[in-house]
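Each chain gets a letter, A, B and so on, in the order its sequence line appears, and its residues count up from 1.
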Amino acid sequence: MAEMLASGQSPEVLFWVGCAGSFDDRAKRITKAIAKILHYAGVNFAVLGAEESCTGDPAKRAGNEFLFQMQAAQNIAVLNGYGIKRIVTGCPHCFNVMKNEYPELGGDYDVHHHSQFIATLISEGMLQLADDHPFKGRRITFHDPCYLGRGNGEYAAPRSVIEALDAELVEMKRCKQKGLCCGAGGAQMFKEAEKGNKEVNYERTDDALETKAATIATGCPFCNTMMTDGVKNSEKEGNVDVQDLAEMIATAADIID
Amino acid sequence: MIAQIIFAFLLAIAGFFFTKRILFIRRNILLGRDVNLSDRKAQRWKTMARVALGQSKMVVRPVAGILHIIIYLGFVIINIEMLEIMIDGLFGTHRVFSFIGPIYSILIASFEFLAFGVLSACVIFLVRRHIIAIARFKSPEMGGWPSLDATIILVAEILLMGAFLGMNAADSIAMGRELDHYTVNIDASAFPISQYLLGLLGGMSDSAIVLVERACWWFHIVGVLSFLVYVPYSKHFHIFLAFPNTYYSNLDEKARLDNMAAVKKEVDMMMDPNADPYALPEEGADAEPPRFGVKDATDLSWKQLMEAYSCTECGRCTSECPANMTGKLLSPRKIMMDVRDRIDEIGHNINANGLEFKPDGKSLVGSYISEEELWACTSCQACLEACPINISPMGIILDMRRSLIMEESKSPEPITSMFNNIENNGAPWAFPAASRGDWIQ
């Protein structure tokens, strides 16, 4: 971003990578896929790089409002400093915080989750998929991230992306409004679960495996981790893969290795 | 004449105790922190009409939803009859509205159908609760009083509806025989259900018929008045509070959490290079700043306390909670019940100590709700989605986490590390910010 500004350019879109997308090895692949898609579709975008900082979501959900607002103030100062208007996030938690909680703190942007942005690019004909790609006719189920689905009412965009793949979309018994959490939200990602008789992600993976889908599609790096772990636990990693919508589109467009 | 005086007396007593309890609950709710929910009135009325009046979220589970709608309609519509019963009771008249003719017969007939519907629905609800024993009615927090409370109400409704139908049956015989006081002429079509009871009563003497009719009439009205007094002590208070509670629903996206204004003030001051770090509080400012987050029930907002009194313990929240379904201690319904029990306790404490709360060494977090419960929440919003009247247990849970963190610095060790990482590296993991762009390679 800084480089773009130095050369006198201003991007249409800021791609907000998020912490998982920056540091988690699995999630970095999702980040690459999103970046490749934006590039392929000719979107004029930038990333903040080292100037990006945690949105504060896990701190806020864990009760540390002070740390959250400190992070928010810092990020808003950077974003406003660059005159950012439009943001695409690779994570529904970043998406929710920036869309719903930043405006009151002085950060008002047009925020899109990557599934929404990709759905728009597809509907506008900006993304050409290969004639023959591995997802054609494939049985795919979509796990609704809580912060995209129930939390922000977006169920259609991710499904329209799967439809664009010409795949067979199968719903889990608990989906959309009634979708079950993967177990990572509310800062659970960063701690051990409380004592119980089952892990939430195993419960959710069972829902997904019940559909006999060949691919579990996700729209959140944390859900991705949880579902991948659940599939491994069921020893089904040979038959079922867990992929982010962006990875699937990038593969189908043959723009990623 | 004596009957009229007794009736008026009972009415007054019921009215007194009902009002007393309502004022107690109202005062308790207002012990909560103030929030301004006077915005978006049109949207609020619409939400109330859809969710409370229209029961839109009840029918997500069709069996319970439809049965509930039958009881709800029965309750609302049969109450038209209550008006007549009141007038008859006070003035010694008999079926004072019957002069309106055929419409009256249609009304009474519809009441009978509804009464039968309510009776059947209550029987099915008892079967679901006690014979099929649906899991969410058998959770640990449902033992003892909560379960008894539900049973009392269902049995009471069955008895009341039975008395109502019995009264009509005896009355139609009395009117047919043109007994004293029963000189009104009502078409037989007004009694589509109670006609099946005629066989039981037909052989009785005139005086026995009058006795049955009067006994049912009195049982019904005394039952209804007792019910009126009982309801605000019970989870069944939802029949009133569901309406204001949905009116004051959260209208924002479910995933949005409020930004605490008190914290914003602190952060703004820290960010302001001109702020005077040694400034004294302004004249007239509160001597003691309010607590960050919620430790006791009075730290909650009045809306959240209203939610606690509105909860009818149906347990849909708990049955959809990912933590609860995987065996964790957290149950969103228990959170709501704990809040209600605690604010009720505080209310009684205040009344017993000259309208001044006497510290009792207890608090909501600690005495009622454990940290283990609070840390099990994934903030997935399934509980508020499931609630038929838009209660948010999650909002209360996260508010309690705020006091654990910001007042008491009590967090599980990995959460403390996560905070430290965000503070130091701007990420919840211990990676340096400079490596944020490494994915590009």
Side-chain angles (χ1 to χ4, degrees), chain A residues 17 19 21-24 28 31-32 35 47-50 52-54 56 58-67 69-74 96 99-101 104-105 146-147 150-153 177-178 180-181 183-200 203-204, chain B residues 60 252-257 259-260 263-264 266-268 270-271 292-293 320 322-323 325-330 372-373 375-382 385-386 398 400-406 411-415 417-419 422-423 426-429 431 433-440:
Chain A
V17 179
C19 298
S22 302
F23 300 119
D24 180 88
K28 280 189 210 171
T31 307
K32 275 185 198 169
V47 295
L48 284 173
E52 190 183 291
S53 189
C54 174
K60 188 177 180 94
R61 266 74 197 167
N64 199 337
E65 177 74 9
F66 195 80
L67 182 52
Q69 289 205 19
M70 291 295 288
Q71 288 297 115
Q74 202 177 314
N96 172 64
K99 171 174 167 279
N100 296 321
E101 293 163 7
E104 202 183 69
L105 302 171
C146 302
Y147 278 74
R150 206 162 25 238
N152 282 289
Q177 282 88 344
K178 292 182 85 89
L180 178 67
C181 177
Q188 297 293 339
M189 187 70 195
F190 306 101
K191 59 184 263 300
E192 291 300 314
E194 291 3 89
K195 201 161 68 59
N197 52 32
K198 195 175 183 180
E199 295 295 338
V200 176
E203 174 85 7
R204 184 50 168 169
Chain B
V60 172
D252 296 328
E253 299 288 14
K254 290 192 178 66
R256 183 185 185 275
L257 274 193
N259 295 310
M260 292 175 68
V263 172
K264 182 158 193 306
E266 301 285 329
V267 172
D268 285 349
M270 282 178 66
M271 296 286 179
F292 289 124
E320 306 267 334
M325 72 176 71
T326 54
K328 277 81 174 178
L329 206 54
L330 174 64
E372 183 181 341
E373 288 165 72
W375 287 114
C377 174
T378 69
S379 74
C380 75
Q381 313 131 45
E385 174 70 43
L398 296 185
M400 290 190 281
R401 281 189 184 174
R402 285 172 168 174
S403 83
L404 284 183
I405 298 299
M406 291 190 286
S411 53
E413 196 277 326
I415 293 288
S417 306
M418 183 263 285
F419 291 155
I422 293 179
E423 250 172 89
W429 298 288
F431 293 106
S435 61
R436 263 195 191 264
D438 288 1
W439 59 271
I440 296 166

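Scanning all heavy atoms of the two residues, the minimum distance from A:Phe66 to B:Met270 falls at CZ-SD, 3.4 Å. For the residue pair B:Cys380 and A:Cys146, the shortest heavy atom distance occurs at CB-SG, 3.4 Å. Considering all non-hydrogen atoms of both residues, A:Glu101 and B:Ala255 come closest at OE2-O, 3.6 Å. Nearest heavy-atom pair, A:Cys181 versus B:Thr378, reported as atom, atom and distance to 0.1 Å: SG-OG1, 3.3 Å. Of all heavy-atom pairs spanning A:Glu194 and B:Trp375, the tightest one is OE1-O, 2.9 Å.
Contact tally against chain A (heavy-atom pairs below 4.5 Å) for B:Pro412, B:Ala427, B:Ala434, B:Ser403: the top residue is B:Ala427. Here A:Arg150 is the residue among A:Met189, A:Arg150, A:Glu192, A:Gln177 with the most heavy-atom pairs under 4.5 Å with chain B. Note on B:Pro428, B:Ala323, B:Gly293, B:Ser417: by heavy-atom pairs under 4.5 Å with chain A, the leading option is B:Pro428. Each of A:Ala184, A:Gly151, A:Gly186, A:Ala187 has some count of heavy-atom pairs under 4.5 Å with chain B, and the biggest count is that of A:Gly151. Contact count against chain B (heavy-atom pairs under 4.5 Å) is highest for A:Ser22 among A:Gly183, A:Gly56, A:Ser22, A:Gly153. The candidate from A:Lys28, A:Glu52, A:Glu199 with the greatest count of non-hydrogen atom pairs under 4.5 Å with chain B is A:Glu52. Heavy-atom pairs under 4.5 Å with chain B were tallied for A:Lys99, A:Gln71, A:Gln74; the largest tally goes to A:Gln71. Interface check for chain B: of the options A:Val17, A:Leu180, A:Thr31, the most heavy-atom pairs under 4.5 Å are formed by A:Thr31.
With a threshold of 4.5 angstrom between heavy atoms, A:Asn64 approaches chain B through its backbone and through its side chain. Residue contact with chain A, scored on non-hydrogen atoms closer than 4.5 Å, is absent for B:Met400. For B:Ile422, the parts sitting under 4.5 Å from any heavy atom of chain A are the backbone and the side chain alike. When heavy atoms are compared at a cutoff of 4.5 Å, A:Gln69 approaches chain B by way of both its backbone and its side chain. Heavy atoms closer than 4.5 Å to chain A are found in the side chain of B:Met418, but not in its backbone. Interface residue B:Ala376: backbone and side-chain heavy atoms are both found under 4.5 Å from chain A. Residue contact with chain B, scored on non-hydrogen atoms closer than 4.5 Å, involves the backbone and the side chain of A:Ala62 alike. In this structure, chain A has a heavy atom under 4.5 Å from the side chain of B:Trp429, while its backbone stays farther away.
To the nearest 0.5 Å, atoms CZ (B:Arg402) and CD (A:Glu65) are separated by 4.5 Å. Expressed to the nearest 0.5 Å, how far CE of A:Met70 lies from CD of B:Glu266 amounts to 11.0 Å. Here CD of A:Glu104 is found 4.5 Å from CG of B:Asn259. Values are rounded to the nearest 0.5 Å. Atom CE of B:Met325 sits about 9.5 Å away from atom CZ of A:Arg204, to the nearest 0.5 Å. Rounded to the nearest 0.5 Å, atoms CZ (B:Phe419) and CG (A:Leu67) are 7.0 Å apart. With rounding to the nearest 0.5 angstrom, the OG atom of A:Ser53 is 6.0 Å from the CZ atom of B:Arg436.
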*Please step through salt bridge (Lys or Arg N to Asp or Glu O under 4.0 Å) for the pair B:Glu385 and A:Lys178, ending with a clear verdict.*
CA-CA 8 Å; B:Glu385 174 70 43; A:Lys178 292 182 85 89; over 6 Å; no
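Heavy atoms of other residues, nucleotides or ligands lying less than 6.0 angstrom from CE of B:Met271 number more than 12.
Checked by atom type and distance alone, the side chain of B:Lys328 never pairs as donor or acceptor with a backbone atom of A:Asn197 at under 3.5 Å. Between the side chain of B:Arg401 and the backbone N or O of A:Arg61 there is at least one donor-acceptor pair closer than 3.5 Å.
The shortest distance between side-chain heavy atoms of B:Leu257 and A:Lys60 falls below 4.5 Å.
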